[in-house]
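These notes are about the structure you will find just below.
Residue numbering restarts at 1 for every chain, and letters A, B, ... go by the order of the sequence lines. From a predicted model like this one, the values you see are computed outputs, not experimental measurements.
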Amino acid sequence: MSNPLSLYNSLTRQKEVFEPLHAGYVGLYVCGPTVYSDVHLGNCRTFTSFDIIYRYLMHKGFKVRYVRNITDVGHLTDEGEDKMSKGARLAKLEPMEVAQRYTVGFHDMMREFNNLPPNIEPRATGHIIEQIEMVQQILANGLAYEANGSVYFDVAAFNEKHGNEYGKLSGRKIDELLAESRELKAQSDKKNPSDFAIWMKATEDHILRWNSPWGEGFPGWHLECSAMSTKYLGEEFDIHGGGNDLKFPHHENEIAQNAGSCGCGGARYWLHTNMLLMNGRKMSKSDGNTITPQQLFTGDSPHVTDSYSPMMLRFFMLQTHYRSPMDLTDEALQAAKKGYQRLTEAWANLQELEGLGGAQNGTVGKELTEGLAAAYAEMDEDFNTPKALAKVFELVSRINALKGGQLSLKEVSKETLEDFKKGLGTLLFDVFGLRDEGEAAGASGETLGKVMDLVLDLRAQARAEKNWTMSDKLRDALNDAGIIVKDGKEGAEWTVG
RNA sequence: GGUCGGUUGGCCGAGUGGCUAGGCUCAGGUCUGCAAAACCUGCUACAGCGGUUCAAAUCCGCUACCGACCUCCA
């Protein structure tokens, strides 16, 4: 926890030094998915970004409570229909069955990407009481009004009372919002177009419904995050995150609801991740510009020429800053795949320097220590993973040179080497959250290893006898089987490519 | 139409008022029986036009283009 951590606060639009509300503790809330369909690849990017943020906060020594909700009610579709009940009707399933199915699918996908589970994963339907209470508070404060069984947040009244706070996060001007005479149908109950529902009256065919002081209905989408974040993290807490497409109206309304109910600030730092694009455009199902995580894993899509593993994709994400849009193209993925291989091979090479090392440090030893420190330091600059990764790649060259003999291990002390291994491993696996896929080879890997030892031993014999025909035959045959042989100073090595 | 953000070398992608990003590709070299890998070297960019400055890709203005949000969205 030595160096200060800076992060970009969307609320103030600048980088700020992070200071937790309570020393040593961090409350982190991230808007989770709506579980009415399979996870979108963009979700994966956002939650992976926050996973790295979560991991780094823990690495800094903070005790973090990470809350990420599951939205299983209240989120309206274009047709004004609840997403959960829509999915249910189409599939002839209970809403909770739909929610369960996609929640499980979501968790599976998070595991694929090696995202740690949050500490609390509250469901909107499990917090109806809290949400009703919040509506009551807002009503009691005179910042909402009931109309025809629904309750609307009164933006104009809120702004009068709270010094024109509404619009602060998204940079929207209340006058423009009010003046915006959008031709919205069925908004007759609202006083102003900018008002939003915090409780919705259930129509007759609406499946998900609860009793409330205003009749049967269900909570507005924006309300759940206000209710659940404050329940688990307090009326004021440290960090709130989400995709930047949620800034308005979702997060803006959330802030208003928090202030409108308890008069408290909510989150102090707002972090927003940028969108995932494909071929320079927004992913969209309607025009075919879309790809699922599964399709990337298998390569079964017209948009890609190859398959990409979850960890390779995670690496790809690390190469772009979380606040920049990330453009998914096959060409970029290809480049990243090779870069990722280079990184994992360097890590494997480093492990082979086991038990070696000189008596004291020369230039190389210092470079390793300083380079690693520089990589960590970049994480303190608003979680700058691309820059941290750049530092790591400078270290990759050093590692490979040590392995290849271009640099001497005498230049690196035993202690430095061991510290370096540990420190780099922590950065790659604990902070970046990459998984050492090499270790997961399992029993079949062991068998293959033994066979390969034998084959390479035979090939070495052939080479010693200058029997190049035999030697090359073995190499080519292995190549056909997808095994790449590399001849080094210390004999041949192989990788499954 | 309104609001906000972006435009970096062959591709991707960081970044700071003056000093090397990094990955991939490409070219040359070292090593090697050959190849691959690895290592070394090179390829030196910041949309256009103006302005501020001793100095700008980095600050300001205008233009062009792209994107996001304004309606469900991570």
Side-chain angles (χ1 to χ4, degrees), chain A residues 13 30-34 36-37 39-50 71 75-83 167 170-173 176-177 179-180 182 184 194 221 241-250 252 272-277 280-284 315-316 318-321 323-343 345-346 349 378 381 384-394 396-407 463 466-468 471-472 475-476 479 484-489 492-495 497:
Chain A
R13 288 153 218 270
V30 174
C31 290
T34 303
Y36 70 104
S37 69
V39 218
H40 183 96
L41 192 60
N43 289 275
C44 297
R45 202 265 240 232
T46 295
F47 298 133
T48 301
S49 293
F50 282 110
T71 296
H75 205 160
L76 300 182
T77 64
D78 292 345
E79 301 82 44
E81 192 176 12
D82 190 291
K83 276 188 177 172
S170 58
R172 240 149 273 245
K173 300 265 190 320
E176 289 166 7
L177 286 171
E180 220 168 75
R182 313 193 83 247
L184 274 175
S194 56
W221 171 44
N244 76 177
D245 53 346
L246 294 183
K247 254 191 203 174
F248 188 88
H250 185 61
E252 195 71 62
H272 287 98
T273 59
N274 217 125
M275 296 294 100
L276 174 69
L277 306 173
R281 289 184 302 133
K282 186 179 181 172
M283 278 203 194
S284 156
F315 171 83
F316 182 67
L318 284 162
Q319 280 191 310
T320 307
H321 189 88
R323 280 193 291 113
S324 297
M326 190 174 93
D327 193 8
L328 201 76
T329 62
D330 189 58
E331 212 179 356
L333 286 168
Q334 279 293 312
K337 186 170 187 171
K338 287 190 184 154
Y340 179 56
Q341 268 166 11
R342 187 169 144 81
L343 178 63
E345 278 169 28
N349 289 340
E378 293 299 346
E381 292 300 318
N384 196 331
T385 56
K387 218 168 173 189
L389 214 46
K391 299 290 177 195
V392 168
F393 269 103
E394 287 171 17
V396 163
S397 302
R398 297 279 102 73
I399 294 168
N400 288 339
L402 286 169
K403 167 86 187 327
Q406 290 94 344
L407 290 175
R463 294 183 72 205
K466 296 201 191 300
N467 184 352
W468 308 130
S471 160
D472 290 352
R475 185 175 66 198
D476 293 345
N479 238 318
I484 295 158
V485 178
K486 298 173 187 172
D487 292 320
K489 280 212 161 59
E493 294 186 349
W494 60 279
T495 51

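- Looking at A:D487 and A:R475, their side chains come closer than 4.5 Å, going by heavy atoms from C-beta outward.
- Straight-line distance from the NZ atom of A:K403 to the P atom of B:A38: 11 Å, rounded to whole Å.
- Between A:K247 and A:P325, the one whose closest nucleotide on RNA chain B sits nearer the 5' end is A:K247.
- Shown here, B:C62 forms a base pair with B:G48; the pair counts as Watson-Crick or G-U wobble because both key distances fall under 3.5 Å.
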Nucleotides 42-45 of chain B: which of its N/O atoms have a protein N/O under 3.5 Å away?
none

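- The partner of B:G67, taking Watson-Crick or G-U wobble pairs whose two distances both stay under 3.5 Å, is B:C4.
- As rounded to the nearest Å, B:G10 and B:G5 have C1' atoms that lie 27 Å from one another.
- Nucleotide B:G18 forms a pair with B:C54, judged by Watson-Crick or G-U wobble geometry with both contacts under 3.5 Å.
- Side chains of A:R45 and A:N274 form a contact here, defined as non-hydrogen atoms less than 4.5 Å apart.
- Taking atom C1' in both B:C60 and B:U20, the straight-line distance is 29 Å, to the nearest Å.
- Within the 4.0 angstrom heavy-atom criterion, base atoms lie near A:G42.
- Counting to the nearest Å, the C1' atom of B:A14 and the CG atom of A:L318 are 13 Å from each other.
- Across all strands shown, A:H40 has heavy atoms under 4.0 Å from base atoms, whether or not it also approaches the sugar-phosphate.
- When the C1' atom is used for both B:C46 and B:C11, the distance is 16 Å, rounded to whole Å.
- Under the Watson-Crick and G-U wobble criteria, each requiring two contacts below 3.5 Å, nucleotide B:G9 is left unpaired.
- Using a 4.0 Å heavy-atom cutoff across all strands shown, A:G32 reaches sugar-phosphate atoms only and no base atom.
- The base of B:G33 is paired with the side chain of A:S471 by a donor and an acceptor separated by under 3.5 Å.
- Nucleotide B:A27: paired with B:U41 (Watson-Crick or G-U wobble, both distances less than 3.5 Å).
- Looking at heavy-atom distances under 4.0 Å, A:N349 makes no contact with the nucleic acid at all.
- Shown here are the ring pair (Phe, Tyr, Trp, His ring centres under 6.0 Å) partners of A:H250, two or more places apart in sequence or in another chain: A:W221, A:H222.
- Side-chain contact between A:H272 and A:K247 is present, with at least one heavy-atom pair separated by less than 4.5 Å.
- As judged by a 4.0 angstrom heavy-atom cut-off over every strand, A:T329 is placed among residues making no nucleic acid contact.
- The side chain to side chain donor-acceptor pair (under 3.5 Å) search around A:D330 returns A:T305, A:Y308, not counting sequence neighbours.
- A:R398 comes within 4.0 angstrom of sugar-phosphate atoms only, judged by non-hydrogen atoms across all strands, and of no base.
- When heavy atoms are screened at a 4.0 angstrom cut-off, A:L41 is found touching no nucleic acid atom at all.
- A:E345 places its CD atom 10 Å from the P atom of B:A37, with the value rounded to the nearest Å.
- Remark: the separation of the C1' atoms in B:A37 and B:A21 is 25 Å, to the nearest Å.
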Please write out each protein N/O paired with an N/O of nucleotides 21-30 of chain B under 3.5 Å, distance rounded to 0.1 Å.
residue: B:U25; atom: OP1; partner: A:K338; partner atom: NZ; Å: 3.3

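- Put simply, CG on A:N244 is 12 Å from P on B:G6, counting in whole angstrom units.
- Between the C1' atoms of B:G2 and B:G9, the separation comes to 36 Å (whole Å).
- Here the side chains of A:T273 and A:N244 are not in contact, with every heavy-atom distance at 4.5 Å or above.
- Summarising the base pairing, B:U32 is matched to no nucleotide, lacking a Watson-Crick or G-U wobble pair whose two defining distances lie under 3.5 Å.
- Following rounding to the nearest Å, A:L277 (CG) and B:G6 (P) show an atom-to-atom distance of 15 Å.
- Judged as a side chain to side chain contact (heavy atoms under 4.5 Å, CB included), and not counting sequence neighbours, the contacts of A:S397 are A:R342.
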Distances for protein N/O vs nucleotides 34-36 of chain B N/O pairs under 3.5 angstrom?
residue: B:C34; atom: O2; partner: A:R475; partner atom: NH2; Å: 2.9
residue: B:C34; atom: N3; partner: A:R475; partner atom: NH1; Å: 2.9
residue: B:C34; atom: N3; partner: A:R475; partner atom: NH2; Å: 3.4
residue: B:C34; atom: N4; partner: A:R475; partner atom: NH1; Å: 3.4
residue: B:C34; atom: N4; partner: A:D487; partner atom: OD2; Å: 3.3
residue: B:A35; atom: N6; partner: A:D487; partner atom: OD2; Å: 3.1
residue: B:A35; atom: N1; partner: A:R475; partner atom: NH1; Å: 3.4
residue: B:A35; atom: N1; partner: A:D487; partner atom: OD2; Å: 3.3
residue: B:A35; atom: N3; partner: A:R475; partner atom: NH1; Å: 3.0
residue: B:A36; atom: N1; partner: A:D487; partner atom: O; Å: 2.9

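- Here CG of A:L389 is found 6.5 Å from CG of A:L343. Values are rounded to the nearest 0.5 Å.
- Here the separation of B:U58 from B:C19, taken at their C1' atoms, is 14 Å to the nearest Å.
- The shortest distance between side-chain heavy atoms of A:E345 and A:K486 falls below 4.5 Å.
- Using bins of under 30°, 30° to 60° and over 60° for the plane-to-plane angle, the ring pair A:F315/A:F393 lands in the perpendicular bin.
- Rounded to a whole Å, the CZ atom of A:R13 is 16 Å from the P atom of B:C69.
- To the nearest whole angstrom, the two P atoms, one in B:G22 and one in B:U41, are 11 Å apart.
- Taking atom P on both nucleotides, B:A27 is separated from B:C43 by 16 Å, rounded to a whole Å.
- The separation between A:R323 atom CZ and B:C4 atom P is 17 Å, rounded to whole Å.
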